[in-house]
Amino acid sequence: MTAESSIEDAEGTAAAHLAALVESSNDAIVGMTLNGVITSWNQAAQRVFGYDAAEALGQSVTLLIPADLSGEEEKILARVRRGERVMHYETVRLRKDGSRAQVSLTVSPIRNRSGRVIGASKIAHDVTEQKRTGEMLTQLRLAIEAAPNGMVMIDDDGLIVMVNSQMERLFGYDRSEMLGQRVELLIPTRYRDAHPGQRLRYADMPEVRAMGHGRDLFARRKDGSEFLVDVGLNPATTPDGVYVLAAVIDITERKRMEAELAKVHADMRAHAQTLEALVAERTAHLHQTIAELEGVSYSLTHDLRGPLRTIQGFCQIVLADAGDRLGPEEKELLAKSVAAANRLDRLIQDVLTYTRVSRQNFTLQSVDVGKLVRQIIEERPELQAPAAVIVVEGNVERVRGHEASLTQVITNLLENAVKFKAPGRESRIRVHGEGDAEWVNLWFEDNGIGIPTEAQGQLFTLFHRVHHDRAFPGTGLGLAIVRKAVERMGGSVRVESEPGVGSRFCVRLQRGDAS
Ligand code: ADP
C-alpha cells in the first residue's frame, strides 16, 4: 500500500464518519454552492423545513427564505465568500407548508484542498419552541407583575426567586432585598423555626391549595409589623426541583369586616331575643287580661239569669192568676215583658255558650259525625217533620273533634237551615261529607232564603245579623259560636249561598281514625 493510498483511505473513513454525524445531527445541515444552490440536505433539514432531499437538492436556497428577507441570504453568502463565518444568526425561514420557523444559523465557508472557498455549509438550529417558551415566560412575568395580589416564587431551597411589585407594596421591602433571601423573611419570627419543615412536607406532596389549613396566617413587614394573609400555593415541578408560586392577599380589611358583621349579627340576635321576650311577656299579660274579662263577663251573664228568671216567672204568675182582672192593655204589656225577658235569656245563654266554647279545655277525639247528626235530630222536634226534612247521607265521615263542641256547631247550623226557610217552599236540608286522607268537609245544605253575597264575608262575626229581626228572631251569635268552636278544633268554616236558592255551609276538620 502506498503512502498516498493510505492517506486517501484515512480521508475516506473520516468523510464517512462526518457524513454519519451530519445525518444524525438534530440541527438542519445544508450544503450549498456560493450561488446558493443546495448540494447536501440531512434528515434534520427535512424535519425542520419539510422538504425531503430529492425535493431540496439542486434547488436555490431562496426556496427557504421569506419574501420580506430576500436580501439576507446574499449578504450572508458575501461574507462566506470572503472566508468569514456567520455565528448564531437568528432569523426566520419558510417551511414547505408555508409556516415560519425561527432558526439560529451558523454559516461556514467550505474550502477545497487548496483553501479556496467553494461553497457554504449552513447549520440551522430550530428555535421556534424555545422562542415560544421565552415569549410565554415573558407574558407570564408580565401577568404576575400586573397581578392584584402579591406573587412570590420560591425554589426548593426556600429561596425567593421572583416577586412582583405588589409584594414590595405589601411587605415594604425593595425587590432586591427579597430576591435570594429565605421566604421565612416574610413571616413572623415565632413561626420561622417551624416553617422550613412545613415547606419540605409540602414539597413532598405538592398540590394547588390554600396555605395554613384554615388557620389564621400572619405575615411580617420589613418594619416588623404583622398582618393577616391568605396564601394560595401553586407548585411547578421542573427538572431542577419543585418551585412554588404563592399568591399572597392581605385580608386585614376582610377580617375586620367579618368581625364587624359577626358583631352586627350578634347584636341583632340579642335584640331579637329581647323583643321576643317582650312580646311573650305582653302576650301573657294580654291572655291574662282576656281571661279575667271573660271570667267577669261569664259570671255577670250567669248572674243575670237569676233575676231574669224571677221577672219571667212573676210576670207569668200574674198573667195566669190575675189575668181576668186585667184589662187587654195590661195583659199585652205583661206578654211583651215576658217576650223581652225570653229574648234576653236567649241572648245570655248564647253569650254563655260562646264564652264556654272559647274557654273550655278539651282533647280531640275521633267522632262519628253521621251518628251525632242523627242523634241531634232525634232529640229536637223542631228539626223534624213537619218543620223540616233533613236528609243525612251515608257518607258523613269521622272527624277529629270535641263531641260537645261539635254538637253545638251542628245544632246551630241545622237550626239556622230550618229557621231561614224560604216562604212557600218546603224546607229540604241535606247533610253529607267528602274529603281526602287528611281532611273532611262536612256540608250543611238548605233550600232557604239564601244570603246576599256582600253580607257573606261578615257572617261569622259576633252579633252580625243579615235578616230582619221580626221575621227571623235571633241573637247574631250562632255562627260566631260555630266559627270559634271549629277553629278551636283545628278546622275552618265557610259559606256559599245564592239568595232565593239556598245556602251551603262547609265545616272542614281533620279526618278521625276509624274505630
Ligand atoms: P242568628 O241566627 O241568631 O241571627 P247567626 O250568627 O246564627 O245568628 O247567623 C247570622 C246571620 O246569618 C243570620 O241572622 C242570618 O241572616 C244569616 N244566616 C245564617 N244561617 C243562614 C241560612 N242557613 N240561610 C240564610 N241566612 C242565614
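Just so it is clear, the structure is predicted and the values come from calculations on it, not from any experiment. Counting starts at 1 for both ligands and their atoms, in listed order.
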Handout entry: Cationic N near anionic O, under 4.0 Å, Arg269 to Glu276
Key = no

Practice task
Just need the protein heavy atom nearest to atom 8 (O) of ligand 1, so name the residue and atom and give the distance.
Solution key: Gly476 CA, 3.2 Å

Exercise for the section: May I ask whether Gly450 places a heavy atom under 4.0 Å from ligand 1? Expected result: yes

Handout entry: Residues Arg511 and Asp436 bridged, charged N to O under 4.0 Å
Key = no

Exercise for the section: Check whether any side-chain heavy atom of Phe362 sits under 4.5 Å from a side-chain heavy atom of Met489, and report yes or no. Expected result: yes

Handout entry: Salt bridge flag under 4.0 Å for residues Glu253 and Arg256
Key = yes

Problem - Nearest-contact summary for atom 16 (O) of ligand 1 - protein heavy atom, Å - result: His467 ND1, 2.7 Å

Problem - Nearest neighbour in protein (non-hydrogen) for atom 4 (O) of ligand 1 - result: Arg465 NE, 2.6 Å

Practice task
Taking only heavy atoms of Gly474 into account, list the atoms of ligand 1 that are under 4.0 Å away from them.
Solution key: 3 (O)

Problem - Protein residue, atom and distance nearest to atom 21 (C) of ligand 1, heavy-atom basis - result: Phe420 CD1, 3.5 Å

Handout entry: Residue portion contacting ligand 1 (non-hydrogen atoms closer than 4.0 Å) for Phe505
Key = side chain

Practice task
Mind checking whether Lys419 contacts ligand 1 via backbone (N, CA, C, O), side chain (CB onward), both or neither, at a 4.0 Å heavy-atom cut-off?
Solution key: side chain

Exercise for the section: Give the contacting part of Asp446 toward ligand 1: side chain, backbone, both or neither, where contact means a heavy-atom distance below 4.0 Å. Expected result: side chain

Problem - Gln360, CD atom: more than 12 neighbouring heavy atoms under 6.0 Å - result: yes

Problem - Pair Glu258 + Arg254, salt bridge at N-O below 4.0 Å - result: yes

Practice task
Output yes when the distance from some N or O of ligand 1 to some N or O of Gly478 is under 3.5 Å, and no in every other case.
Solution key: yes

Completion exercise
A student checking ligand 1 against His464 at a 4.0 Å heavy-atom cut-off should list atoms 10 (C), 11 (C)

Exercise for the section: Using a strict 4.0 Å threshold on nitrogen-to-oxygen distance, state whether Arg430 and Asp446 make a salt bridge. Expected result: no

Practice task
Can you establish whether the number of heavy atoms outside His302 located under 6.0 Å from its atom NE2 is more than 12?
Solution key: no

Problem - Proximal ligand 1 atoms for Thr475, defined as those under 4.0 Å from one of its heavy atoms - result: 3 (O)

Practice task
Using the six-membered ring of Phe171, assess whether NZ or CZ of Arg220 lies under 6.0 Å from its centre and within 45 degrees of the ring axis.
Solution key: no

Exercise for the section: Show which atoms of ligand 1 fall inside a sub-4.0 Å distance from at least one heavy-atom site of Leu477. Expected result: 6 (O), 8 (O)

Practice task
Tell me which one of Asn416, Asn447, Val466 gets a heavy atom nearest to atom 7 (O) of ligand 1.
Solution key: Asn416

Exercise for the section: Show your reasoning for whether salt bridge (charged side-chain N to carboxylate O under 4.0 Å, His left out) applies to Arg192 and Glu184. Expected result: CA-CA 6 Å; Arg192 279 186 191 167; Glu184 282 75 30; over 6 Å; no

Problem - For Leu459, the ligand 1 atoms whose distance to one of its heavy atoms is below 4.0 Å - result: 12 (O)

Completion exercise
atom 6 (O) of ligand 1: closest protein heavy atom, distance to 0.1 Å, is Leu479 N, 2.8 Å

